[in-house]
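Notes follow once the structure below has been shown.
Labels below follow one simple rule: chain letters A, B, ... track the order of the sequence lines, proteins then strands, and each chain is numbered from 1.
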Amino acid sequence: MTLIAQVIVDVPSRGTDRPFDYIVPESMQGWLEVGSRVGVPFGPRTLQGFVIGLSGTSETPAAKLKALQELLDLVPPLSEELVELSEWMSAKYACHRITALQSMLPAALKGKAERYIRVAERESWVGEDSLFDATASLLTDEEEQIISHIQKQQEVRMELLSRRFGEQAHIIKSLLQRGILLESRSIRDKVQKKTVRTVSLHLPEDEIRTIIEEFPAKAKRQQEVLTYIADTGGDVPLKEIMTVLGVTASTVKALADKGYIAIMDMEVYRDPYQDRNFTPTTPFTLTDEQQQVYNSIINRINKREKGEYLIHGITGSGKTEVYLQCIQRVIEQDRQAIMLVPEIALTPQMVERFKGRFGDRVAVMHSRLSSGERYDEWRKIREGKSQVAIGARSAIFAPFSNLGLIIMDEEHETSYKQEESPKYHARDVAIHRAHQHNAVVILGSATPSLESYYAARSQANDEFMPTLLEIHGRALGSELPAVEIIDMREELKEGNRSMFSRPLHQAIEDRLEKKQQTVLLLNRRGHSTFVMCRTCGYVAECPNCDISLTYHQRSNSLRCHYCGHAEPAPQICPECGSEHIRYFGTGTQRVEEELAKLFPGIRVVRMDVDTTTQKGSHEKLLNQFRDKKADLLLGTQMVAKGLDFPDVTLVGVIAADSALHLPDFRAAEKTFQLLTQVAGRAGRHHLPGEVIVQTYNPEHYSVIHASHHDYHSFVREELKHRQILGYPPYCRLALITFSHEKLALLVRIAENYTQMIKDQASKLDWLGSLERFSNEALDVLGPVASPIPRLKNRYRFQCMIKWRGDMDVAKLAEHVAEQLQDSVRDKELLISIDVDPQVLM
DNA sequence: AGCACGCCGACT
DNA sequence: GTCGGCGTGCTC
């Protein structure tokens with residue numbers, strides 16, 4: 001019986017977003033599984049694809065069927081569970097199946113077809129020459145040279161060949177045409193597996209021992225080497241022998257030539273942490289509150305039942321220790337755990353804690369790893385060498401086979417939502433995966449998102465109703481710091497035009513004297529927010545985006561934080577030639593400058609995307625601060641998360657309102673969260689902490705409740721607003737963004753789309769039964785220009801769908817987008833669908 | 001996404 | 001008369 005494989009090919013387009021059937025060749029049967037990665041012929045090309053199903057029959061006429069060309073991995077990179085997950089994702093987030101599949105794997109596994117050249121059998125050489133027996137003698141010297149080069153290696157990648165014989169490309173072409181050289185295509189991975197040359201015994205040990213005894217006295221070095229290998233028991237890295245015994249490779253090779261030992265390339269894992277020692281830690285004794293939380297969760301874990309928990313624990317309440325002990329239990333059950341943290345919280349401190357507790361069983365996945373390192377961490381999981389994965393968003397796809405626990409720390413963070421397709425939320429994926437595995441999900445935060453908190457409180461949603469667990473006290477018994485709100489309007493009135501209020505200025509001075517440390521938060525990088533000519537009012541704007549440029553002092557340049565555009569800072573106004581160019585607004589660079597002026601000799605560590613792009617720079621800056629080589633840590637929101645330094649007793653927020661006026665219904669929530677998080681950095685140990693918050697909106701409820709550390713009051717008030725305005729968690733949202741270079745066309749399209757959604761929604765047939773609809777509502781808002789109306793040279797319009805109930809709005813939105821794209825047929829038109837958006841840009 | 005097939009303008 | 005423009009449609 002022929003076996004048929006259903007394959008999703010690596011072409012992210014509408015026409016190819018379905019399985020294609022292929023015959024499974026005899027040689028692959030028994031190896032090929034659902035989840036295998038394969039190379040397939042597709043039209044005139046060779047592509048990578050994933051097997052999502054196997055069956056005995058095909059709908060496709062047998063004549064059209066082609067066979068799979070190659071199997072790319074011995075162990076399938078995807079499990080059946082992950083293949084199913086990709087189907088769920090593509091439906092929920094309106095993305096192509098291949099995009100969902102690809103997002104689960106390290107980039108190293110995105111192979112592309114390469115051309116390989118080999119020399120044909122002499123008999124099959126064609127062309128006029130072959131009429132004669134003496135074909136070979138008719139080859140030119142150059143041709144001979146190329147042929148023998150290829151023959152030596154059996155097969156050579158075309159790219160390498162053209163690099164070596166660049167000028168003779170026409171000769172290679174002619175040899176191919178004459179059938180002397182043959183070309184084939186095969187999928188090549190982006191990353192080479194790392195290998196180490198390793199030596200092992202090639203004969204049984206007792207034989208080797210005899211050989212050592214009877215070794216000719218002349219070859220003393222060889223005898224030493226062989227003894228060393230026998231003593232170690234084999235699989236010794238060649239490098240090690242060379243350094244330990246001080247011999248050269250030729251000595252070892254001589255032993256190999258005699259057939260005593262074998263030299264092989266062994267595949268190894270790159271370990272990004274191999275040069276680091278982690279101090280082992282043992283579980284701490286839990287506080288009563290922690291213990292209660294732990295008990296509720298562990299009960300469920302012990303029964304191997306699924307369940308969801310939302311831990312609301314104030315900053316410093318020791319949630320991490322609870323996580324660690326839960327993970328411990330899951331490992332003991334021979335199951336595995338995923339720990340998700342926001343990228344910026346994946347600090348060396350956090351990694352150290354996990355490595356210290358679980359050692360080599362931890363795989364760490366974050367964006368700073370090279371693609372090779374990333375791939376190896378992933379393989380440790382896939383091959384069962386790791387039981388714990390800690391990482392940012394995409395670690396939710398860690399290929400564990402027997403998941404027991406998924407933890408999502410700082411659950412409210414918007415970085416858990418991916419902004420590119422597939423626009424998934426790690427929380428949704430976590431819940432879906434946990435259901436498949438009967439695993440427990442723990443969401444933890446000092447400031448849970450309103451969605452999660454509401455779900456726990458109202459139990460309105462049958463997919464997700466976490467049990468709420470609260471921790472009110474800090475693990476070390478310290479008090480939450482006192483928060484002082486400074487009204488910057490008052491400061492200005494009283495003649496203080498500096499960015500530092502008098503109390504903040506005083507407090508920093510005080511810490512400098514006491515040799516305690518300060519953390520300063522300013523959620524805006526760069527130097528100044530905009531550059532304006534005071535004579536004519538000219539403002540420097542990005543030529544590609546409708547956004548003003550930010551001045552960066554170090555490079556004396558103007559940069560766009562959205563598209564990366566950079567240009568030299570002007571000395572005179574490009575519009576009117578005036579010299580009165582002024583920099584307005586404040587960024588971290590400017591604060592740094594100002595600090596140096598106001599506090600001579602102050603040692604400042606600045607941490608923002610501009611100072612942390614280099615590998616390891618994040619860690620270096622934090623170490624510098626921890627080792628008290630700096631008095632003050634200044635940064636954007638990356639200083640607000642998870643840092644724990646005992647000598648920090650002052651936290652200052654330069655401008656609490658920076659996010660408050662964004663056109664985002666979550667602005668208040670985000671402000672509250674940021675203030676609460678950063679306030680939690682102060683006074684975590686024995687020294688009491690103080691927080692100073694500067695703002696132009698001292699009466700805003702998010703600022704006031706944050707200053708009292710009062711999450712519940714904030715939530716109560718914010719929920720009221722959301723209900724009145726009709727925003728989540730009282731409904732769901734989908735944001736549809738249209739973009740095109742031509743504004744007029746774009747507006748027309750956006751209007752068409754909105755109308756079509758309204759029409760189709762009223763038709764109901766896609767919604768299912770009528771009675772269900774009566775409890776549901778759907779509303780379409782817009783179209784309007786996006787908050788950033790032009791980005792990377794493309795105009796942007798958006799509309800928003802609001803609805804209640806479990807309607808499949810992703811499908812509706814996608815369906816309409818397809819209709820529209822069919823009718824317009826303009827490749828430049830992009831329609832992006834974001835279900836449950838986190839940021840309304 | 002590529003790549004081929006197919007129907008209308010400026011050239012040997 | 002042809003070479004080639006990119007619109008349209010297919011890829012197991």
Item to complete: Measure the distance from NZ on A/K64 to P on C/dC10 and round it to the nearest whole Å.
Response: 9 Å

Discussion item. Applying the side-chain hydrogen bond (donor to acceptor under 3.5 Å, both in side chains) criterion to A/E343, which one of A/S415, A/S367, A/S394 satisfies it?
Written reply: A/S367

Practice prompt. Could you tell me whether A/R14 contacts a base, only the sugar-phosphate backbone, or nothing, with contacts defined as non-hydrogen atoms closer than 4.0 Å?
Written response: nothing

Practice prompt. Please determine if A/D822 and A/R14 form a salt bridge, counting it only when a charged side-chain N lies under 4.0 Å from a carboxylate O.
Written response: yes

Worksheet entry | Option among A/V835, A/L778, A/I833 that satisfies the side chain to side chain contact (heavy atoms under 4.5 Å, CB included) test with A/V809 | A/L778

Practice prompt. Using atom CG of A/L47 as one end and atom P of C/dC10 as the other, report the distance to the nearest whole Å.
Written response: 18 Å

Worksheet item: Which whole-number value in Å describes the distance from A/D10 CG to B/dA1 C1'?
Response: 9 Å

Discussion item. Does any part of the side chain of A/I801, heavy atoms only, come nearer than 4.5 Å to the side chain of A/I736, both counted from C-beta?
Written reply: yes

Discussion item. Whole angstroms only, please: what is the CG-C1' distance between A/D822 and C/dT8?
Written reply: 12 Å

Discussion item. By the 4.0 Å heavy-atom rule, please label A/F42 as base, sugar-phosphate, or nothing.
Written reply: base

Practice prompt. Have a look at A/P41 and say if it touches a base, only the backbone sugar-phosphate, or nothing, with a 4.0 Å heavy-atom cut-off.
Written response: sugar-phosphate

Practice prompt. Quickly work out the A/R18 CZ to C/dT11 P distance and round it to whole Å.
Written response: 7 Å

Practice prompt. Would you confirm whether A/S421, through its side chain, and A/K423, through its main-chain N or O, come within 3.5 Å as a donor-acceptor pair?
Written response: no

Discussion item. Determine whether the aromatic ring centres of residues A/H149 and A/F165 are separated by less than 6.0 angstrom.
Written reply: yes

Fill in: Rounded distance (Å) that lies between atom P of C/dT11 and atom CD1 of A/I8
16 Å

Worksheet item: When all nucleic acid strands are considered with a 4.0 Å heavy-atom cut-off, which category describes A/P12: base, sugar-phosphate, or nothing?
Response: sugar-phosphate

Extract from the structure each pairing of a protein N or O with an N or O of nucleotides 2-6 of chain B at less than 3.5 Å, listing the distance.
| residue | atom | partner | partner atom | Å |
| --- | --- | --- | --- | --- |
| B/dG2 | OP1 | A/R45 | NH1 | 2.9 |
| B/dG2 | O4' | A/R45 | NH1 | 3.4 |

Item to complete: Mind calculating the distance between NZ (A/K66) and P (C/dC10) to the nearest angstrom?
Response: 15 Å

